[in-house]
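One structure is given below, encoded as structure tokens.
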There are 2 protein chains.
Amino acid sequence: MSKTSRNTIARQKILELINSKKTAISHSSLQEELEGVCDRVTTYRVLERLVNESLIHRIVNVNGVVNYAPCQTCSHKEQHIHQHIHFSCISCGTIRCITDHPIAITLPENYSATEYQLTIAGTCPECL
Amino acid sequence: MSKTSRNTIARQKILELINSKKTAISHSSLQEELEGVCDRVTTYRVLERLVNESLIHRIVNVNGVVNYAPCQTCSHKEQHIHQHIHFSCISCGTIRCITDHPIAITLPENYSATEYQLTIAGTCPECL
DNA sequence: TTTATATTTGCAACAGAGTTGCGTTATGAG
DNA sequence: CTCATAACGCAACTCTGTTGCAAATATAAA
């Protein structure tokens, strides 16, 4: 039996903020926008919880910076594997999920995949 | 005109070490194996140089940790885009380039790609 | 509504990765 | 061999993320 997740103010605001964005957001940007709602450590812990509950997902950018985006297309019950592309614009800095585009990736024999990080950097349509 | 790159002892040893590995290696592991050859800052700077010269490439793991691997299949002259999968084994910790396997990724209209980070975590054949 | 308890929080301190400035060393072109 | 400058070592710093612990609080049960 897993422990119950409590609906605290910090949790509400953080989830609200992430869901209100069209693009992914980093911990530090999030912290700025929270403006004293909670400590930065709390933000880290809330983000961890939300990821575990499959309400948001982590995106590791090409430079290694972690960003967070809401889960839209994925089922929140089962495996929860994010097999879609993340596009990181080097001009405007935004990171966007490309969920409506097909990708075909197959691994060689006897490789078993549990997590995908498919990030592509370049220039987005707005900046081209 | 670009400035000339000098063939220093640190550079030699670092490139040698990376080329001798079948799997990617992190800065810290590299530093351990160098055993006093050079300062850790120098290692960072040499790695940056080698990446710019397209002799090695950076792999960002699913957890955000940066690793380095030799460039094999890519031409060292032109664009130097690494459009291949990196597999990170959650059991033995090794990171390997899957260069001999086809992948099909297309972006939507008006997206221009300059850098790929396609990392998949899971269990490798040796650990399965 | 009140109480009990386990979750969550804030704070302080820490750990690891990576960067910068600067004075010194040493590579390699002439 | 000489010399300009690339590369180095060291110290100090920034940024991201983590941990331990006591205090606060959300939620389920009384």
Side-chain angles (χ1 to χ4, degrees), chain A residues 1-18 24-53 55-69 88 93 95 115 117 119 121, chain B residues 1-18 24-53 55-69 88 93 95 115 117 119 121:
Chain A
M1 192 61 192
S2 67
K3 55 183 182 177
T4 54
S5 184
R6 293 183 180 177
N7 193 27
T8 62
I9 295 162
R11 190 193 133 107
Q12 284 169 36
K13 297 265 178 169
I14 290 168
L15 188 53
E16 213 169 90
L17 255 170
I18 292 175
I25 188 171
S26 68
H27 170 273
S28 57
S29 303
L30 200 52
Q31 193 61 33
E32 272 181 40
E33 293 201 35
L34 284 168
E35 279 176 355
V37 167
C38 65
D39 191 76
R40 46 186 284 280
V41 178
T42 300
T43 305
Y44 275 115
R45 295 197 259 228
V46 169
L47 286 169
E48 191 188 8
R49 246 185 295 157
L50 293 174
V51 168
N52 288 337
E53 295 168 20
L55 293 171
I56 63 175
H57 68 286
R58 277 169 55 102
I59 302 169
V60 179
N61 202 351
V62 288
N63 50 27
V65 174
V66 175
N67 282 263
Y68 298 89
S88 169
I95 297 164
E115 192 180 349
Q117 282 292 347
T119 307
Chain B
M1 190 62 189
S2 67
K3 55 183 180 177
T4 54
S5 184
R6 294 183 181 175
N7 193 27
T8 62
I9 294 162
R11 190 193 134 108
Q12 283 168 36
K13 297 265 179 170
I14 290 168
L15 187 53
E16 212 170 274
L17 256 168
I18 293 174
I25 188 170
S26 67
H27 170 271
S28 58
S29 303
L30 200 52
Q31 194 58 34
E32 273 181 39
E33 294 201 37
L34 284 168
E35 279 176 355
V37 167
C38 65
D39 190 75
R40 45 186 283 283
V41 178
T42 299
T43 305
Y44 276 116
R45 296 197 258 226
V46 169
L47 287 169
E48 191 189 8
R49 245 185 297 157
L50 294 174
V51 168
N52 288 336
E53 296 169 20
L55 293 172
I56 62 174
H57 66 286
R58 275 169 57 103
I59 303 168
V60 179
N61 203 350
V62 288
N63 51 26
V65 175
V66 174
N67 281 264
Y68 299 89
S88 169
I95 297 163
E115 192 180 349
Q117 280 293 347
T119 308

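Naming: A, B, ... by sequence-line order, numbering from 1 per chain. From a predicted model like this one, the values you see are computed outputs, not experimental measurements.
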Exercise. Can you tell me if the side-chain N/O atoms of A/Thr8 get under 4.0 Å from OP1 or OP2 in D/dT25?
Worked result: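 A/Thr8 to D/dT25 OP1/OP2: no side-chain N or O under 4.0 Å.
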Exercise. Does C/dT7 have OP1 or OP2 sitting under 4.0 Å from an N or O in the side chain of A/Ser5?
Worked result: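 Answer is no, no contact under 4.0 Å.
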Exercise. At how many degrees, to 10°, do the end axes of the helix from C/dT1-D/dA30 to C/dG30-D/dC1 meet when each uses five pairs?
Worked result: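 Between the first-five-pair axis and the last-five-pair axis there is 40°.
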Exercise. Is B/Val66 touching bases, backbone alone, or none of the nucleic acid, heavy atoms closer than 4.0 Å?
Worked result: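 Sugar-phosphate, no base atom in range.
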Problem set entry | Option among A/Leu47, A/Asn67, A/Leu55 that satisfies the side-chain contact (heavy atoms from CB on, under 4.5 Å) test with A/Ile18 |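 When side-chain contact (heavy atoms from CB on, under 4.5 Å) is applied between A/Ile18 and each of A/Leu47, A/Asn67, A/Leu55, only A/Leu47 qualifies.
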Problem set entry | Test applied, side-chain contact (heavy atoms from CB on, under 4.5 Å); reference residue, A/Gln117; option that passes from B/Asn61, B/Val62, B/Val60 |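 Single side-chain contact (heavy atoms from CB on, under 4.5 Å) partner of A/Gln117 among B/Asn61, B/Val62, B/Val60: B/Val62.
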Rounded interatomic separation in angstrom, taking [atom1] from [X] and [atom2] from [N]:
| X | N | atom1 | atom2 | value |
| --- | --- | --- | --- | --- |
| A/Asn67 | D/dT16 | CG | P | 11 Å |
| B/Lys13 | D/dA7 | NZ | P | 19 Å |
| A/Gln31 | D/dG17 | CD | C1' | 13 Å |
| B/His27 | D/dT16 | NE2 | C1' | 17 Å |
| B/Arg11 | C/dA26 | CZ | P | 19 Å |
| A/Ile9 | D/dA24 | CD1 | P | 15 Å |
| B/Glu53 | D/dA6 | CD | C1' | 12 Å |
| A/Asn63 | D/dC15 | CG | P | 15 Å |

What is the minimum heavy-atom distance between [X] and [Y], and which atoms define it?
| X | Y | value |
| --- | --- | --- |
| A/Val65 | A/Asn63 | N-OD1, 3.0 Å |
| B/Arg11 | B/Arg6 | CD-O, 3.3 Å |
| B/Val37 | B/Leu34 | CG2-O, 2.9 Å |
| B/Arg58 | B/Tyr68 | CG-CE2, 3.4 Å |

Problem set entry | Near-strand residues of residues 33-49 of chain A, defined as heavy-atom separation under 4.0 angstrom from DNA chain C |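 A/Val37, A/Cys38, A/Asp39, A/Val41, A/Thr42, A/Arg45, A/Val46, A/Arg49, in order of number.
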Problem set entry | Heavy atoms of other groups near A/Glu33 CD, more than 12 under 6.0 Å |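 Enclosed.
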For this session: Tell me which nucleotide among C/dA17, D/dT5, C/dT8 gets nearest to the side chain of A/Arg6.
Result: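 Between C/dA17, D/dT5, C/dT8, the one nearest the side chain of A/Arg6 would be C/dT8.
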Exercise. Could you give the distance from CZ (B/Arg40) to CZ (B/Arg45), rounded to the nearest 0.5 Å?
Worked result: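 The CZ atom of B/Arg40 sits 11.0 Å away from the CZ atom of B/Arg45.
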Exercise. Can you tell me if A/Gln31 uses its side chain to pair, donor with acceptor, with the backbone of A/Cys38 under 3.5 Å?
Worked result: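 Yes; at least one donor-acceptor contact below 3.5 Å.
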